[in-house]
Amino acid sequence: MTNKKVLKKGNHVIGAAAIEAGCEFYAGYPITPQNELTEYMAKHMVLNKRPFVQAESEVSAINMVFGASAAGARAMTSSSSPGISLKQEGISYIAGANLPCVIVNMVRGGPGLGNIAGAQSDYFQATRGGGHGDYRLIVLGPNSVQELYDYTMKSFDLADKYRIPVMILGDGYLGQMMESLTLHKYAKPKNLPKKTWALTGCKGRNPNVIKTLYLTPEDALEKHNLELNVKYEKIKKELQLFETINVQNAELVIVAYGTVSRVVKNVIESSDKKIGLFRPISLWPFPENALRNLKCKKFLVVEMSLGQMVEDVKLSLFGTDASVDLIARPGGMIPTEEEIHKKIKLMLK
Amino acid sequence: MKLYQRPKSLKNVHTHFCPGCGHGIIHKLICEVVDELKIREKMIAIAPVGCGVFGYNYWDFDVSEAAHGRTPAVATGIKRVHPDKIVLSYQGDGDLAAIGTAEIIHAANRGENITVIFVNNAIYGMTGGQMAPTTLMGQKSTTTPFGREKNLGYPIKVCELLAQLEGTTYLERTSVNSPLNVMKTRKAIKKAFELQITNKGFSLIEVLSMCPTNWKKDAIESCNFVKEQMMKIFPLGVIKDTTKTK
Ligand SMILES: Cc1ncc(C[n+]2csc(CCOP(=O)(O)OP(=O)(O)O)c2C)c(N)n1
């Protein structure tokens with residue numbers, strides 16, 4: 001693969017990156033607006049002689065991923081919001097069993113069937129760990145087709161490094177969008193831990209067990225939870241991904257991720273005020289220190305949901321005298337440049 | 001020659017099973033067959049949510065848990081990654097025939113090359129004796145205090161149901177209520193593993209099994225209940241065998 005520029009669709013590019021990063025198992029169930037990804041995998045996993053399964057449901061798909069990951073494979077599934085709700089059971093088990101995997105959510109509007117436009121309304125579900133129990137996922141929020149490619153590759157490495165499910169939190173717009181990107185080769189990090197825990201048959205070693213049940217002694221589960229938490233704290237320290245534009249001496253910093261951040265970039269360019277952008281890329285862990293360290297006193301959160309990420313922004317800025325305003329557009333509507341300009345004017349009056 | 005010894009694949013520990021429970025017998029049979037076929041180092045078993053959940057405490061080979069009913073989906077993921085390993089999906093009747101109905105039907109329909117041991121004790125054991133999809137009509141459980149009635153559905157005959165599917169290769173119903181039936185069950189389990197070893201596809205052995213604790217019967221009454229009540233609804237025998245034609 002040469003480093004050439006090509007024009008490609010977001011959903012296809014996630015598939016291309018997964019194949020390039022050595023994804024060894026994929027299971028999925030059709031749902032708009034991510035079908036092109038499942039279809040891409042149906043073709044290319046098979047062409048590469050790797051297992052692809054169209055599952056009978058998202059519940060089944062995520063549990064197949066559980067099995068494949070337990071067997072030591074780089075495993076992936078993808079869906080959109082209603083399907084991701086169904087996967088929550090499996091994600092909880094995967095997290096509890098310390099298994100790595102990659103889950104793609106090309107978010108669409110909700111609740112319920114909602115619509116099929118892109119949205120950011122699964123932010124809470126993703127960043128709080130939407131299933132039962134005390135757990136976290138790594139959640140990455142790319143904002144371009146190039147980043148879908150790059151962060152899909154990276155997500156496999158992060159999953160293996162920390163033995164944790166990693167979610168790519170995109171949206172329907174990103175998935176459907178055609179954009180130019182540079183395809184590049186995947187280079188596997190040398191220091192990834194060996195999967196000595198994987199189920200491969202116990203030849204030459206003691207049997208391995210993958211489990212999430214900790215009944216006895218009484219504090220066994222608490223110990224397990226605390227061990228998981230050590231991992232989560234480590235990830236918090238090591239993984240704080242974000243982009244900043246014009247934040248130095250900005251009168252106002254807009255916080256936005258994913259698709260919305262692209263609108264905000266236009267706003268910054270066309271504004272006569274000194275406006276900055278803080279764009280979280282790792283949504284969990286949220287880049288709280290970097291945000292907190294900004295000297296700015298006025299923040300505006302713009303999101304395609306009814307005030308979800310704004311909670312993390314407020315938590316990050318807790319105890320400072322910064323003010324936080326919000327533009328929230330639910331239901332698959334993209335905030336317009338005009339409404340953001342208008343809000344800025346009000347805030348800087 | 002020793003007449004009887006503990007199979008090597010069965011750990012030398014006490015089980016958590018209640019007296020008279022069939023799970024322990026079935027665990028032992030699996031291990032005997034695993035030893036006989038010399039596949040211990042190739043085994044990857046999935047322990048279900050239910051009384052079988054502690055499989056890894058007893059089986060001396062690789063084991064994964066699965067979420068309730070998702071056992072065949074987990075088995076699918078494992079087998080697709082390791083087609084050369086021997087994958088066992090061990091499931092109870094609540095796990096397989098209620099919450100996991102979709103997973104078992106579709107794993108069977110895909111003809112996954114796995115072996116399912118389906119323990120039918122006509123009740124939810126682990127949660128304390130609630131109605132299972134296999135509970136007999138009129139049978140009392142903690143959620144059918146007056147006996148199972150029509151509006152709670154009828155006992156599901158899993159082998160007969162799966163026999164409709166082109167993907168299934170071998171389906172047999174056995175029991176562990178008598179020494180003879182235990183031996184037949186052992187033979188069936190062996191056959192199922194052999195089919196997997198030779199890539200013949202999906203096999204399921206349904207084993208009628210006793211649950212004295214939740215049936216509120218003693219061990220002998222329980223064995224008789226299997227014979228006199230369960231076998232009427234769930235007749236023993238090979239329900240489907242395509243190996244001769246396939
Ligand atoms: C999603 C979910 N629902 C319910 C339960 C509770 N539960 C644990 S075991 C079990 C029933 C198991 O019965 P069966 O499959 O018949 O196996 P047995 O214990 O009789 O061997 C249930 C309902 C659970 N663990 N997870």
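Letters go in sequence order (proteins before strands), and every chain restarts at 1.
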* Most heavy-atom pairs under 4.5 angstrom with chain A, which of B:Ala75, B:Pro83, B:Gly77? -> B:Gly77

* Do the side-chain N and O atoms of B:Thr76 and B:Arg110 include a donor-acceptor pair separated by under 3.5 angstrom? -> yes

* To do: Run the salt-bridge test on B:Asp62 and A:Lys203 with the 4.0 Å N-O cut-off and return the result as yes or no.
  => no

* Greatest number of heavy atom pairs closer than 4.5 Å to chain B - which of A:Val65, A:Ile62, A:Thr212 -> A:Thr212

* Structure fact -> Against chain B, residues from residues 188-201 of chain A with at least one heavy atom under 4.5 Å, in numeric order, are A:Ala198, A:Leu199, A:Thr200, A:Gly201

Quiz: residues 118-127 of chain B side-chain donor-acceptor pairs under 3.5 angstrom, not counting sequence neighbours:
| unit_1 | atom_1 | unit_2 | atom_2 | d |
| --- | --- | --- | --- | --- |
| B:Asn120 | OD1 | B:Ala122 | N | 3.0 |
| B:Asn120 | OD1 | B:Thr134 | OG1 | 3.4 |
| B:Asn120 | ND2 | B:Glu206 | OE2 | 2.9 |
| B:Asn121 | OD1 | B:Ile123 | N | 3.3 |
| B:Thr127 | OG1 | B:Gln130 | OE1 | 2.7 |

* B:Lys240 atom NZ: more than 12 heavy-atom contacts under 6.0 Å -> yes

* With chain B as the partner chain, list the residues of residues 21-31 of chain A whose heavy atoms fall under 4.5 Å from it, by residue number, and write 'none' if nothing qualifies. => A:Phe25

* To do: Answer yes or no: does atom CG of B:Leu165 have more than 12 heavy-atom neighbours from other residues, nucleotides or ligands under 6.0 Å?
  => yes

* Just by distance, with hydrogens left out, do A:Ser78 and A:Gln34 show a side-chain donor and acceptor under 3.5 Å apart? -> yes

* Answer with side chain, backbone, both or neither: which region of A:Pro207 has an atom nearer than 4.5 Å to a non-hydrogen atom of chain B? => both

* **Working for side-chain hydrogen bond (donor to acceptor under 3.5 Å, both in side chains), residues A:Asp122 and A:Asn105** => CA-CA 9 Å; A:Asp122 297 353; A:Asn105 183 0; 3.0 Å; yes

* **Residue A:Val209 versus chain B: region with a heavy atom under 4.5 Å** => both

* Quick one: what part of B:Val87 sits under 4.5 Å from any heavy atom of chain A, side chain, backbone, both or neither? -> neither

* Asked: Who are the side chain to side chain contact (heavy atoms under 4.5 Å, CB included) partners of B:Tyr154, not counting sequence neighbours?
  -> B:Met137, B:Lys150

* Structure fact -> Ranking A:Ser92, A:Gly90, A:Ser60, A:Ala73 by heavy-atom pairs under 4.5 Å to chain B gives rank one to A:Ser60

* Check the angle between the aromatic planes of A:His44 and A:Tyr40 and answer parallel, tilted or perpendicular using the 30° and 60° thresholds. => parallel

* So is A:Lys211 actually on top of A:Tyr214's ring, under 6.0 Å and inside 45° of the axis? -> yes

* Asked: For atom NZ of B:Lys11, is the number of surrounding heavy atoms from other residues, nucleotides or ligands below 6.0 Å larger than 12?
  -> yes

* Where does the angle between the aromatic ring planes of B:Trp59 and B:Phe61 fall among parallel (under 30°), tilted (30 to 60°) and perpendicular (over 60°)? -> parallel

* Is B:Arg6 salt-bridged to B:Asp35, going by a charged N under 4.0 Å from an acidic O? -> no

* Asked: Does any heavy atom of chain B fall under 4.5 Å from the side chain of A:Arg50, the backbone, both, or neither of them?
  -> neither

* **Structural part of A:Leu215 lying under 4.5 Å from a heavy atom of chain B** => side chain

* To do: Return the option, out of B:Ile44, B:Val74, B:Ile105, with the maximum number of heavy-atom pairs under 4.5 Å with chain A.
  => B:Val74

* Asked: Do B:Glu172 and B:Lys191 sit within salt-bridge range, that is, some charged N less than 4.0 Å from a carboxylate O?
  -> no

